[in-house]
Amino acid sequence: MPLATASTASSYISIRDDARSLSRNERAFTRECALRTKALRLDGRTSEQVRPVRLHMGRWDHGAECTVEWGNTRVTSLCTAELVRPNLDRPNEGQLVISVDLSPSASPSFRQAPPFTTGAGIAGGGQGPNYAGNNQRLQANRILRCLEKIVLTGGTLDVEALCLVPAQWVWRFHLALTILDDAGNPMDAAVMAAIASLRHYRKPHVDLDAHAGGGDDSNDPALASAPILIPSHLKEPTPLPLHHTPLAISFAFIPLEDGSNLSTAAGVVDRTSSSSSAGVVAALVDPNDREELLQNGSLTVGMNIHAEVCLLDYGGGCELPPTQLQECWKKAEGCIRQLCTMLEASLEQADKQAQADRLQKLVVQQQETRTTTTRSTTTNNNTNTELPPLPSSPYFQQSDNPGENTTAMDVDNNDDDNNVEQVQTEAEEAYRQLALDYSQGYKATKVREDTDHMKHSSQAYFNQAGKLMKTIFESAKSASATADNDQKDKGKAPTVGQPKKQGTKAATTTTTTNKTGKSSETPSKKAKGTKAATAGQLDSDEEETTQMLQSEFKAEQADPAKPDAKAKPMDVDDDDIDDLAMAISSKKKKKKKAKK
Amino acid sequence: MTSSISKSNNTVRRSDGRLLLNADGSACTTLRPLSCELSCLQRADGSSLWKSGSTQVMAAVYGPIAPRIPSQEKGDEAQVSVVIKSGRHNNANNNSKSNNSMLEREWEQLLTSILTACIDTHAYARTVVEVVLQVVQDDGSVLAAALHSSVAALMDAGVSLTNLPVATTFLLSIHKEKPLLILLDPSSNEETNPENCVLVMVTENNDPKRILATHSMTATSSKKTKTVATLSATTVLSCAQAAAKATPAVVTFWRLAMEQRVTRESQTLWSS
């Protein structure tokens with residue numbers, strides 16, 4: 001069988017894909033919850049909430065990269081540029097080559113295949129040992145086309161501005177996107193990563209008059225006057241001329257009737273009297289992977305912070321009333337504004353970091369130019385050529401440190417750098433702790449950048465808190481003055497169908513504070529607290545699940561609570577109140593003891 | 001000359017800041033700082049982000065899982081399938097892409113054979129263990145970082161290993177005239193210097209004095225004159241000894257990382 005021989009040649013064996021199936025129960029339940037007046041989602045968000053987003057950016061001489069953690073979805077974008085001869089029929093335009101790669105690390109349903117590119121790339125697809133499955137191809141293609149529309153035709157990057165010498169040298173940009181982890185909605189994450197890396201990229205200065213190399217160039221006319229890119233330590237590179245910064249937001253459409261929007265045995269849908277919110281189709285912002293599997297249609301809106309739309313990608317799949325489209329538009333405006341402000345903040349931070357790195361590099365460069373004369377590769381005096389005995393070797397001298405340890409790092413860092421690094425690693429560690437807290441729904445969270453976004457979402461849950469619960473919390477809170485932070489973990493927004501993710505919550509912060517006991521705890525706990533507002537789980541078993549739903553709807557009418565960042569709403573049945581209060585106070589005591 | 005270097009305040013350093021020579025003039029053998037983050041990806045069964053200095057490699061492990069085509073199963077053993085993806089090219093040059101991809105295929109084969117030797121394959125018959133490696137940042141010693149991160153991800157996924165392979169990267173000068181200086185864990189400036197040769201030695205934890213695999217690379221020189229890269233047998237033996245000494249360091253670090261992850265999981269996942 002030809003495939004078998006091909007696989008032995010290339011050592012890649014694709015695995016069975018069990019990532020795209022959804023049980024009937026889960027499907028029916030999720031749809032039912034999504035179609036309610038006030039939609040409920042399995043991860044605790046409302047239908048208008050975006051998952052927390054985190055950005056990491058890096059920059060070096062000839063490129064910039066950005067990794068976006070959108071909830072649990074992780075996408076990396078790499079932006080590099082080179083100088084090339086322009087196309088003959090477009091002598092004044094630069095080029096942009098985008099490639100989208102759905103890595104097999106993202107999902108078992110993705111196979112190792114050449115990435116999808118625009119422009120002259122490897123002819124991907126076709127049958128062979130490495131070819132993408134249908135779904136993979138469609139998804140990659142969709143992301144690619146949307147990016148193209150947003151960046152090129154949407155007027156973000158003006159290709160005419162990329163022209164260096166008309167008809168001679170133009171910039172060709174490569175945007176390489178890799179989807180590392182697919183937890184739903186890689187499209188939005190990919191767009192954000194691409195835009196962020198374009199924004200973060202700095203274009204080097206070019207020396208047009210220099211000739212590259214010596215006599216070889218006379219034979220090769222193409223290289224005869226190749227411009228040289230000036231490295232960044234000589235001349236500071238400049239940002240790209242982007243017209244605006246659009247981002248994308250996607251909606252998942254779940255129609256009332258599975259497969260069609262018409263009336264079925266379930267009852268006639270009265271469209272004339274349906275209110276705008278109780279529409280025929282439920283639109284969920286930023287679907288996660290389960291919701292993506294059961295969506296019938298998907299809409300992606302590309303918009304900048306001024307609510308100017310540059311992309312509207314609706315591939316069909318369900319019938320959408322125009323009013324619904326308008327609503328989605330409005331929802332998108334709000335989400336995009338938040339995302340744009342967050343992006344700007346992250347870009348600024350990353351820029352500062354990159355500037356600091358560049359200065360350090362400059363310093364190192366200067367030192368190097370001073371020490372080049374004294375540098376030599378002489379070693380110790382031993383010139384013995386006989387085979388060394390096993391326990392010791394005259395050639396290999398070990399430093400005095402016991403073993404090559406990570407601590408044996410002989411770098412002259414300032415204390416400041418060390419402290420900064422330490423704080424950063426502590427923050428990372430705290431973030432990791434939080435991200436791994438399965439009871440919180442196992443989501444990657446923003447610790448620093450997204451706090452505003454968090455406050456908005458916590459408000460929504462406060463509106464649903466019962467007054468009784470609030471008073472109980474306040475009494476429990478007043479019981480312990482110092483250990484107030486633990487309450488955040490009690491954040492229980494009513495969520496449905498998470499029997500697996502039970503188990504507490506206050507114990508986790510208890511033990512973590514015991515374990516880490518560092519100063520950066522406090523900011524991390526605060527982030528934890530705000531994060532807990534968005535996720536949540538039940539401290540009870542499934543019977544009470546349905547009851548909770550009811551009470552949650554009744555509590556809709558409750559007055560919004562004061563924005564108390566320390567207390568969290570709890571929707572537990574009356575029977576559990578006493579147990580819970582006791583549990584809270586006992587855990588507080590435990591924590592107090594431990595702290596002492 | 002040697003003494004003047006060691007006495008002066010201007011200590012000679014390698015390109016990433018590590019000391020080149022010790023006070024007595026011998027080569028300073030330090031690894032770059034290591035960092036390992038386990039379970040960084042949600043979808044994969046096991047994942048790790050391994051940082052060695054500025055080199056970052058992310059590994060994702062899926063498996064043991066059935067292969068898509070049932071005829072590709074092996075009746076009594078598990079199979080290891082390794083994919084290496086590097087998003088980043090050190091040279092913004094199109095020509096280097098094809099070179100890189102050939103090198104990556106070579107590394108994939110090497111890692112497949114190393115991991116097949118170290119995983120308890122007979123415990124997972126008829127399955128595939130897929131390891132996807134993403135080179136996030138390339139600053140030298142990528143093969144070693146890839147191997148270490150894949151082993152960490154395998155541990156995170158819970159695949160049982162019979163042996164822990166540790167790769168040590170050596171930077172050797174290929175000039176016979178200059179006296180030998182063996183340096184560990186080169187960064188990418190040092191690797192791409194055409195005067196140097198990089199040798200990767202893989203040893204295993206059970207008996208670090210035995211070599212599991214080796215791999216050598218020379219940077220392609222842009223000059224017209226070719227320098228043939230040859231190493232003397234004593235050099236290779238010295239490297240083997242050095243690798244034996246470096247193995248426990250990495251193994252200890254793995255243990256640290258796993259301990260942290262297990263304690264963290266016990267706090268968050270089973271916190272009742």
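Just so we're clear, the structure is a prediction, and the values are computed from it rather than from any experiment. Residue numbers start from 1 in every chain, and the chains themselves are labelled A, B, ... in the order their sequence lines are given, proteins ahead of strands.
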For chain B, which candidate among A:A183, A:P108, A:S99 shows the most heavy-atom pairs at distances under 4.5 Å?
A:P108
Applying ring-ring contact (aromatic ring centres under 6.0 Å, His included), name anything that partners A:Y201, two or more places apart in sequence or on another chain.
A:F173
If I take atom CZ from residue B:R105 and atom OH from residue A:Y12, how far apart are they, to the nearest 0.5 angstrom?
11.5 Å
Proximity breakdown for A:L180 and chain B, heavy-atom pairs closer than 4.5 Å
both
Part of B:V80 lying under 4.5 Å from any heavy atom of chain A
backbone
How long is the span from the CG atom in B:L133 to the OG atom in A:S105, to the nearest 0.5 Å?
9.5 Å
Test your reading of the model: is there a side-chain donor-acceptor pair from A:D181 to the backbone of B:Q42, 3.5 Å cut-off?
yes
Could A:D101 and B:K85 be called an ion pair, given the rule that one side-chain N must be under 4.0 Å from one carboxylate O?
yes
Quick one, B:R68 and A:I15 - any side-chain contact, counting heavy atoms below 4.5 Å?
no
Nearest 0.5 Å please: distance from the CG atom of A:D182 over to the CG atom of B:L41.
11.5 Å
Suppose we screen for side-chain hydrogen bond (donor to acceptor under 3.5 Å, both in side chains). Which residues come up paired with B:W254, at least two apart in sequence or across chains?
none
Run the side-chain contact (heavy atoms from CB on, under 4.5 Å) test on A:D289 and B:R43 for me, step by step, so that the C-alpha distance in whole Å, both residues' side-chain angles and the decisive distance to 0.1 Å come before the verdict.
CA-CA 10 Å; A:D289 49 340; B:R43 210 97 189 244; 3.8 Å; yes
Region of A:S107 that comes under 4.5 Å of a non-hydrogen atom in chain B:
both
Going by heavy atoms in the side chains, are B:M58 and A:R74 under 4.5 Å from each other?
yes
Which one wins on heavy-atom pair count under 4.5 Å against chain A: B:V83, B:D45, B:T112?
B:V83
Considering only heavy atoms, which portion of B:P248 lies under 4.5 Å from any heavy atom of chain A: side chain, backbone, both, or neither?
neither
Under the side-chain contact (heavy atoms from CB on, under 4.5 Å) rule, what do B:E130 and A:I13 come out as? Steps first, then yes or no, please.
CA-CA 8 Å; B:E130 180 182 75; A:I13 305 167; over 6 Å; no
